[in-house]
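What follows is a single structure, written as structure tokens, with notes after it.
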Amino acid sequence: FEVEFVQDKNRLIPADRSHGFIGSGAWSITAGVGAVWDESSDNGYTRASFPYTIKENNANCEHNGIATFLFRNDGSTSKIQVQNVAETCKFYGFEFYGLLTSKYTPNNIATKNKIVSDRNHVEAALIPTKPLKVLALDYPKVNLSNYGYATNKENMNGYSILVNNINYNTGCTTRYGAHPYCSEMTVGIYSFTKSMHAFMLVAALEKLYPGFKNQHIKSLVPECSDKRWDGVTIENALDMATGNYNSGKFKLDEASPEIVSEFFLKSTRSARAKFACEGWLHKSKPGKYHVYHTTDTELVGYAASEFAKSKNKDDAFNDILVPIYKAIGLSHYIRGIQRTSDTNDAWGGYGLSATLNDVMRFAQYLRDDALTAGHLDPTMVAEVLSGKNKGLFSQLSNFNYDNGFWRYHAGLSTKMSKCGANTQVPVMSGFGGHTLIILPEVIITQLTDSGKTCLLYTSDAADDLLCVD
């Protein structure tokens, strides 16, 4: 593991903060922004620490740790104390601690000023925070027992309620207490990627090139060459309504042994695209029936990549999305999406790494700014934010699906029924229990690998809590 750092006052800033997978081994380690300080007992050494993330190859699991060491300007350094005590990985957890040999080489980094400037931009865009318990003080009618307690503390990587531009946070826990770098702790956000990458990319390209979403998958993804893809558009694939599926029941295809062995466990585009294009039977017309398939959203990413190249863009994710992420103040960590091992195509349906603030800022931007900011197609944004009945039935009670978002029928099953029985609210969901709900005045999210999906509803500041195992 080798990393370049820039020291700016008490900040220790990695030169590369994108959390992409590095190399081809089983694991990859990336560093986050840490701190430096002096202590009188350190005999002239400066103390430093930084958070790190261990990523599993070909997966969206992330394991979080802290590294601490001493150094001097002459290059002398102590061993590095490491401790790995948290993860976002429902099916694989581990921890370790120990001392590692280190080598420090002082160096002048030519891009230091830009690195510091970029970091200042991210910090300036951070949403102000308060502890969750303060929510009940700021809004006395709130019942805190409705929030943040459906998941065990040790499984909660982050929990936030955004009200009036304040994130009321809790979580950010490890098995041994609070993570010391909460704002830098990254989480593999799994299917939040379908909203934060696939939807954003389609909406951005639709804004730049009207009619893009109506392009046919078959014309942009050469692997999808047979007639089952006739008439299937990019928007159909974003809605998971291609008409190609084996079972119409909720997530039976998504949990099938075939998709695991032939798609999720494969790293190359050649293998993943082959299954995405040929793994499902043709059963209905496009746009008529929703069946949840991460493979469909993967094809959205492939199609967008090919289309962007036709417009002289080297990489759709880097050239179309990253400038938007930067403009709205998301961290550099989110730029490290997982990619195919042979063609370097960004995964469309999962693979992003993000902080709690990244997730909340994205949802805030979508709700408050996206209609007028000029980055995204306003019609697609309006469809996501609409409280009206939209999308196709998802084969799960009280849920539709549209544009890479779940749409919950809150008007049927919560106190929001006073808004009308047909009221829907946009929801993001990710493997392990990640959940985010966007309301006109409140945004709520939990990041967890507990396996429990919790939907939180409000009509004023807080109302109800429903958990679905």
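Because the structure is a prediction, the values reported are computed rather than measured.
With hydrogens and angles disregarded, a donor-acceptor distance shorter than 3.5 Å links the side chain of Glu254 to the backbone of Thr294. Judged by distance alone, with hydrogens and angles left aside, the side-chain atoms of Arg228 form no donor-acceptor pair with the main-chain N or O of Asn244 at under 3.5 Å. Within the 3.5 Å criterion, the main-chain N or O of Thr186 finds a donor-acceptor partner in the side chain of Asn64. At distances below 3.5 Å, not a single donor-acceptor pair connects side-chain atoms of Asp253 with backbone N or O atoms of Gly248. Here the side chain of Asn60 pairs a donor or acceptor atom with the backbone of Tyr190 at under 3.5 angstrom. Judged purely by atom type and a 3.5 angstrom limit, Thr340 uses its side chain to pair as donor or acceptor with the backbone of Asp345. A donor-acceptor contact shorter than 3.5 Å links the side chain of Asn246 to the backbone of Leu281. Between the His179 side chain and the Gly171 main chain, no donor and acceptor come within less than 3.5 Å of each other. Side chain of Thr193 to backbone of Leu352: a donor-acceptor contact under 3.5 angstrom is found. Here the side chain of Ser102 pairs a donor or acceptor atom with the backbone of Ser78 at under 3.5 angstrom.
Considering only residues two or more places apart in sequence or on other chains, Asp16 meets the side-chain contact (heavy atoms from CB on, under 4.5 Å) condition with Ser18.
In the model, Thr233 has no side-chain atom that pairs as donor or acceptor with a side-chain atom of Gln215 under 3.5 Å. With 3.5 Å as the limit, one finds no donor-acceptor pair spanning the side chains of Tyr92 and Glu87. Using modelled atom types, one finds no donor on one side chain facing an acceptor on the other under 3.5 Å when comparing Asp239 with His290. Between the side chains of Asp358 and Ser331, at least one donor N or O lies within less than 3.5 Å of an accepting N or O. No side-chain donor-acceptor contact under 3.5 Å links Asn167 and Thr129. Side-chain contact, Tyr302 with Glu306: no donor N or O sits under 3.5 Å from an acceptor N or O. With no hydrogens or angles considered, no side-chain donor-acceptor pair links Ser117 and Asn120 at under 3.5 Å. With 3.5 Å as the limit, one finds a donor-acceptor pair spanning the side chains of Ser191 and Tyr292. Side-chain contact check for Tyr176 and Glu95: at least one donor-acceptor pair (N or O, by modelled atom type) lies under 3.5 Å. Checked by atom type, the side-chain pair Gln364/Asp369 shows no donor-acceptor distance below 3.5 Å. Between the side chains of Asp38 and Thr46, at least one donor-acceptor pair of N or O atoms lies under 3.5 Å. Of the N and O atoms on the side chains of Ser49 and Tyr181, at least one donor lies less than 3.5 Å from an acceptor on the other residue.
Trp347 does not carry Arg269 over the face of its six-membered ring by the limits of under 6.0 Å from the centre and within 45° of the normal. The cationic group of Lys130 does not satisfy the cation-pi geometry with Tyr168, failing either the under 6.0 Å distance to the six-membered ring centre or the 45° limit from the ring axis. Seen from the ring of Phe405, Lys194 does not count as a face-on cation partner, given the 6.0 Å and 45° thresholds.
The OH atom of Tyr408 lies 13.0 Å from the OG atom of Ser429; values are rounded to the nearest 0.5 Å. Within the model, atoms CZ of Phe250 and CZ of Phe399 stand 8.0 Å from one another, a figure rounded to the nearest 0.5 Å. A distance of 8.5 Å separates NZ in Lys251 from CG in Leu396, rounded to the nearest 0.5 Å. Note that the CG atom of Asp42 and the CZ atom of Arg47 stand 4.0 Å from one another [nearest 0.5 Å]. The OG1 atom of Thr435 sits 9.5 Å away from the CD1 atom of Ile437 when rounded to the nearest 0.5 Å. For the atom pair CD (Glu62) and CG (Asn157), the distance works out to 9.5 Å, reported to the nearest 0.5 Å.
Within 6.0 Å of the CD atom in Glu2, the count of heavy atoms belonging to other residues, nucleotides or ligands does not exceed 12. With a 6.0 Å radius and a threshold of 12 heavy atoms from other residues, nucleotides or ligands, Phe96 has its CZ atom above the threshold. At most 12 non-hydrogen atoms from other residues, nucleotides or ligands lie less than 6.0 angstrom from NZ of Lys114.
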Audit row: Tyr365, Leu376, side-chain contact (heavy atoms from CB on, under 4.5 Å) steps and yes/no: CA-CA 11 Å; Tyr365 160 80; Leu376 307 178; 3.9 Å; yes
Chi angles and distances behind the side-chain contact (heavy atoms from CB on, under 4.5 Å) call for Leu135, Leu132: CA-CA 6 Å; Leu135 182 66; Leu132 178 63; 4.2 Å; yes
Ser76 vs Asp74, side-chain hydrogen bond (donor to acceptor under 3.5 Å, both in side chains): CA-CA, chis, key distance, verdict: CA-CA 6 Å; Ser76 57; Asp74 61 6; 2.7 Å; yes
Test log, rule side-chain hydrogen bond (donor to acceptor under 3.5 Å, both in side chains), inputs Ser160 and Asn169: CA-CA 4 Å; Ser160 188; Asn169 293 346; 2.5 Å; yes
Intermediate values then yes/no, side-chain contact (heavy atoms from CB on, under 4.5 Å), Lys213 and Met380: CA-CA 10 Å; Lys213 66 182 181 180; Met380 294 186 69; 4.0 Å; yes
Candidate pair Lys112 and Glu4, rule salt bridge (charged side-chain N to carboxylate O under 4.0 Å, His left out), full reasoning: CA-CA 11 Å; Lys112 176 180 178 178; Glu4 282 190 321; over 6 Å; no
Worked check of side-chain contact (heavy atoms from CB on, under 4.5 Å) between Ile127 and Ile166: CA-CA 6 Å; Ile127 302 172; Ile166 299 290; 5.9 Å; no
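With respect to Arg339 and Asp315, a salt bridge is recorded, a charged nitrogen being found less than 4.0 Å from a carboxylate O. Between Glu223 and Lys218 there is no salt bridge, since no side-chain nitrogen of the basic residue lies less than 4.0 Å from a carboxylate oxygen of the acidic one. With respect to the salt-bridge test (charged N to carboxylate O, under 4.0 angstrom), the residues Asp319 and Lys309 do not qualify.
In summary, the aromatic rings of Phe94 and His63 are positioned with their centroids under 6.0 Å apart. Centroid-to-centroid, the aromatic rings of Phe212 and Phe307 come within less than 6.0 Å.
Of the residues Arg17, Arg11, Arg119, the one that meets the salt bridge (Lys or Arg N to Asp or Glu O under 4.0 Å) test with Glu184 is Arg119. When Val425, Leu162, Leu366, Thr445 are each tested for a side-chain contact (heavy atoms from CB on, under 4.5 Å) with Ile438, only one passes: Leu366. With respect to His434, the ring pair (Phe, Tyr, Trp, His ring centres under 6.0 Å) criterion is satisfied by exactly one of Tyr350, Tyr159, Phe192: Phe192.
Between Gly391 and Asp402, the shortest heavy-atom distance links the atoms CA-CB, 3.6 Å.
Contact annotation: the side chain of Val291 never approaches that of Trp280 to less than 4.5 Å [non-hydrogen atoms, C-beta and beyond]. For the pair Glu235/Val202, no side-chain contact is recorded, criterion being any heavy-atom separation below 4.5 Å from C-beta on.
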